[in-house]
Engineer: 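Sharing a structure, written as structure tokens. Questions coming.
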Amino acid sequence: MAYDYEYFKKAVYDLTKIDLNAYKEKQMKRRIDTLISKNKVVGYDNYVNVLKTDTARFEEFVNYLTINVSEFYRNVDQWQLLDKEIFPELIQRYGKNLKIWSAACSTGDEPYSLVMALSRHVPINQIKIYATDLDKQVIAKAKVGLYAEKSLAGVPADLKKKFFTKVGPSYQISDEIKNRVEFKEHNLLKDTYPTDFHLIVCRNVLIYFTEEAKDEVFRKFQKSLKPGGYLFIGSTEQIINHKEVGFERKNSFFYQRPM
């Protein structure tokens, strides 16, 4: 039997329910081949056996696969737009109990940023952010809430002073912020989507997906939003066929489900 990449994709799906067919093949295969080589394993079949028997290597693989690049207030100008236009519009329309989903939330920088940003408009004890990611390792890291200084570069000075404590070279986010976020595992390509959100934030993740997978995810996000709700995407992304998948374009990074 030839243990090729097609075999590997099926084996990975059986093990993890992660569908590698939804990712750009050349890019993802290169990443996986690099990891296999780093682990000094020869052949996809042998690496699959490693994943089945070595919990640490399995966790490493999932973490490597779910590309985790994150920082607080990433692309600050977009967060300023959220603060000055989007939040006020949503609060005016729906009130202060906004339902917000941070999808593919990585190490927690994004949902915690949402809590801090929204705290300028709403009492903090009224805020609840639903945050999901495929990778339980990064969710565990998010729950710890300890970050390198460079991750905090975009945090407004007053919020950094209010909500972070320096611990050695790192910064610990306050329990006051952590308590406002509920973390759960979720696979955007496989699991059922939660519904009735006023805002969904999913940034710099779908660039790794095929066009077909992107379309499916955007359509599901559209159905997960209330009419008038917004999808906030990353600076490297755009929804070219936004009308076809049910959105109106507010600007480059915010797309609205029509009322």
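Atoms considered below: every heavy atom in the structure, side chains included; atoms not considered: hydrogens, waters and symmetry mates.
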Engineer: Can you name the closest pair of heavy atoms from V12 and F61 and give their distance?
Structural biologist: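 Nearest pair, atom of V12 first, then F61: CG2-CZ, 3.8 Å.
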Engineer: Spell out, as yes or no, whether a donor-acceptor pair under 3.5 Å connects the side chain of K178 to the backbone of V144.
Structural biologist: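 Yes.
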Engineer: So how far is it from F87 CZ to L199 CG, rounded to the nearest 0.5 Å?
Structural biologist: 6.0 Å
Engineer: Could you tell me whether E25 and K9 have a side-chain N and a carboxylate O separated by less than 4.0 Å?
Structural biologist: yes
Engineer: Could you measure the distance from the NZ atom of K84 to the CG atom of L82? Nearest 0.5 Å is fine.
Structural biologist: 10.5 Å
Engineer: T107 and K141: which non-hydrogen atoms are nearest, and at how many Å?
Structural biologist: CG2-CD, 3.7 Å
Engineer: Looking only at heavy atoms, which two atoms of P111 and V181 are closest? And how far apart?
Structural biologist: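 For P111 and V181, the tightest heavy-atom pair comes out as CB-CG1, 3.9 Å.
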Engineer: CD1/I86 to CD1/I91 distance, rounded to the nearest 0.5 angstrom?
Structural biologist: 11.5 Å
Engineer: Centroid-to-centroid, F183 to Y112, below 6.0 Å?
Structural biologist: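 Yes: the rings meet the under 6.0 Å criterion.
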Engineer: If two hydrophobic side chains count as joined below 4.5 Å and joins carry through other members, does L152 share a cluster with Y73?
Structural biologist: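 Same cluster: L152 reaches Y73 through Ile, Leu, Val, Met, Phe, Trp or Tyr contacts under 4.5 Å.
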Engineer: Return the set of residues passing salt bridge (Lys or Arg N to Asp or Glu O under 4.0 Å) with E149 (not counting sequence neighbours), or none when no residue passes.
Structural biologist: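 For E149, no residue satisfies salt bridge (Lys or Arg N to Asp or Glu O under 4.0 Å) once neighbours in sequence are set aside.
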Engineer: Once you measure the plane-to-plane angle for Y5 and Y44, does it fall in the parallel (<30°), tilted (30-60°) or perpendicular (>60°) bin?
Structural biologist: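 If you compare the ring of Y5 with that of Y44, the planes turn out tilted.
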Engineer: More than 12 foreign heavy atoms under 6.0 Å from NZ of K161: is that the case here?
Structural biologist: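 Atom NZ in K161 is not packed in, count stays at 12 or less.
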Engineer: Looking only at side-chain N and O atoms, does S151 offer a donor or acceptor that is under 3.5 Å from a partner on E71?
Structural biologist: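 No, no side-chain donor-acceptor pair sits under 3.5 Å.
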Engineer: Only counting residues at least two apart or in another chain, list the ones meeting salt bridge (Lys or Arg N to Asp or Glu O under 4.0 Å) with K136.
Structural biologist: E59
Engineer: For F209, does the six-membered ring have the charged nitrogen or CZ of K214 within the cation-pi criterion, i.e. under 6.0 angstrom from the centroid and within 45° of the normal?
Structural biologist: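 No, cation not above the ring by the 6.0 Å, 45° rule.
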Engineer: Taking the basic N atoms (NZ, or NE/NH1/NH2) and the acidic carboxylate oxygens, is any pair closer than 4.0 Å for D158 and R120?
Structural biologist: yes
Engineer: Go through it in stages, so that I can follow the logic: the residues are K38 and T34, the test is side-chain contact (heavy atoms from CB on, under 4.5 Å), and I'd like the CA-CA distance, side-chain angles, deciding distance and then a yes or no.
Structural biologist: CA-CA 6 Å; K38 176 189 157 196; T34 300; 5.5 Å; no
Engineer: State whether the side chain of R57 and the backbone N or O of L51 hold a donor-acceptor pair below 3.5 Å, judged by distance alone.
Structural biologist: no
Engineer: Evaluate the side-chain proximity of I127 to L98: yes if any heavy-atom separation is below 4.5 Å, no if none is.
Structural biologist: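 No, too far: nothing below the 4.5 Å cut-off.
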Engineer: Counting only N and O atoms by type, is there a donor-acceptor contact under 3.5 Å from the side chain of E237 to the main-chain atoms of G234?
Structural biologist: yes
Engineer: Which pair of heavy atoms, one from L206 and one from V217, lies closest together, and at what distance?
Structural biologist: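 Answer, listing the atom of L206 first, then V217: CD1-CG1, 3.9 Å.
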Engineer: Closest approach of A11 and V48, non-hydrogen atoms and distance?
Structural biologist: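 Here A11 and V48 meet closest at CB-CG2, 3.7 Å.
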Engineer: Looking only at heavy atoms, what is the nearest atom pair of S119 and L159, with distance?
Structural biologist: OG-CD2, 4.5 Å
Engineer: F163 versus D175: any side-chain heavy-atom pair under 4.5 Å?
Structural biologist: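 Side-chain contact under 4.5 Å: no.
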Engineer: Whether E244 and R219 form a salt bridge (side-chain N of Lys/Arg under 4.0 Å from carboxylate O of Asp/Glu) is what I want to check.
Structural biologist: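 Looking at E244 together with R219, the answer is yes, because their closest N to O distance falls below 4.0 Å.
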Engineer: Can you name the one residue among T132, L134, D133 that meets side-chain contact (heavy atoms from CB on, under 4.5 Å) with N187?
Structural biologist: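 That would be L134; it is the only one of T132, L134, D133 passing the side-chain contact (heavy atoms from CB on, under 4.5 Å) with N187.
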Engineer: Do the charged groups of D33 and K29 touch, with an N to O distance under 4.0 Å?
Structural biologist: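 So D33 pairs with K29 through a salt bridge.
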Engineer: Give a yes or no on this: more than 12 heavy atoms of other residues, nucleotides or ligands lie within 6.0 Å of atom NZ of K128.
Structural biologist: yes
Engineer: Spell out, yes or no, whether V50 and Y7 are grouped together once hydrophobic residues are joined by side-chain heavy atoms under 4.5 Å, including indirect joins.
Structural biologist: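 As far as the 4.5 Å side-chain criterion goes, Y7 and V50 are connected within one cluster.
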Engineer: Any chain of hydrophobic side-chain contacts (each under 4.5 Å) joining F58 to V41?
Structural biologist: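 Result: yes, single cluster for both.
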Engineer: Is there a side-chain contact (heavy atoms from CB on, under 4.5 Å) between D83 and H121? Walk through the geometry before answering.
Structural biologist: CA-CA 8 Å; D83 178 51; H121 303 269; 2.7 Å; yes
Engineer: Measure from the side-chain N and O atoms of S224 to the backbone N and O of Y193, and report whether any donor-acceptor pair falls under 3.5 Å.
Structural biologist: no
Engineer: Do N75 and R203 have a side chain donor and acceptor closer than 3.5 Å?
Structural biologist: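 Judged by distance alone, the side chains do pair up.
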Engineer: Is there a side-chain contact (heavy atoms from CB on, under 4.5 Å) between K226 and F197 once you walk through the steps?
Structural biologist: CA-CA 6 Å; K226 285 182 174 289; F197 289 99; over 6 Å; no
Engineer: Without swapping roles, check the side chain of H198 against the backbone of G229 for a donor-acceptor pair under 3.5 Å.
Structural biologist: no
Engineer: According to a hydrophobic-cluster definition based on side-chain heavy atoms being under 4.5 Å apart (Ile, Leu, Val, Met, Phe, Trp, Tyr only), do Y94 and L118 belong together?
Structural biologist: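 Yes, because Y94 and L118 connect within a single hydrophobic cluster, where side-chain heavy atoms sit under 4.5 Å apart.
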Engineer: Apply the test side-chain contact (heavy atoms from CB on, under 4.5 Å) to residues D109 and R74: give CA-CA distance (whole Å), side-chain angles for both, the deciding distance (0.1 Å), then the verdict.
Structural biologist: CA-CA 9 Å; D109 318 46; R74 188 174 185 179; over 6 Å; no
Engineer: I want to check something: taking the side chain as every heavy atom from C-beta on, are S102 and I200 in contact at a cut-off of under 4.5 Å?
Structural biologist: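 Result no, sub-4.5 Å side-chain heavy-atom pair not found.
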Engineer: With rounding to the nearest 0.5 Å, note down the distance linking CG in N179 to OG in S174.
Structural biologist: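 Those atoms lie 8.0 Å apart.
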Engineer: Does W101 have its ring centroid less than 6.0 Å away from the ring centroid of H186?
Structural biologist: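 Close enough - the centres of the two rings lie under 6.0 Å apart.
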Engineer: Give a yes or no on whether Y13 and L189 share a hydrophobic cluster (residues Ile, Leu, Val, Met, Phe, Trp, Tyr; joining criterion: side-chain heavy atoms under 4.5 Å apart).
Structural biologist: no
Engineer: Can you tell me how far the CG atom of L114 sits from the OH atom of Y130, to the nearest 0.5 Å?
Structural biologist: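 So the gap between those two atoms works out to 15.0 Å.
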Engineer: Taking it one step at a time, do N39 and E60 satisfy side-chain hydrogen bond (donor to acceptor under 3.5 Å, both in side chains)?
Structural biologist: CA-CA 10 Å; N39 277 283; E60 176 195 45; 3.2 Å; yes
Engineer: When you compare the side chain of I129 with that of E182, does any pair of heavy atoms fall below 4.5 Å?
Structural biologist: no
Engineer: Contact between K223 and T195 at the side-chain level, heavy atoms closer than 4.5 Å - yes or no?
Structural biologist: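 No, too far: nothing below the 4.5 Å cut-off.
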Engineer: With rounding to the nearest 0.5 angstrom, report the CG to CD distance, L20 to E6.
Structural biologist: 10.0 Å
Engineer: Using residues 249-259 as the side-chain source, report each donor-acceptor pair under 3.5 Å to any protein atom, sequence neighbours left out, with the distance given to one decimal.
Structural biologist:
| unit_1 | atom_1 | unit_2 | atom_2 | d |
| --- | --- | --- | --- | --- |
| R249 | NH2 | S252 | OG | 3.2 |
| K250 | NZ | E89 | OE1 | 3.4 |
| N251 | OD1 | F253 | N | 2.9 |
| N251 | OD1 | F254 | N | 3.2 |
| Y255 | OH | I239 | N | 3.2 |
| Q256 | NE2 | E89 | OE2 | 3.3 |
| Q256 | NE2 | G228 | O | 3.0 |
| Q256 | NE2 | Y230 | OH | 3.4 |
| R257 | NH1 | Q222 | O | 3.2 |
| R257 | NH1 | L225 | O | 2.7 |

Engineer: Would you call V76 and Q80 a side-chain contact if the rule is heavy atoms closer than 4.5 Å?
Structural biologist: yes
Engineer: For the backbone of G145 and the side chain of Q172, can you confirm whether one donor and one acceptor N or O come within less than 3.5 Å of each other?
Structural biologist: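 Answer holds: yes.
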Engineer: Centre-to-centre under 6.0 Å for W79 and F72, is that the case here?
Structural biologist: no
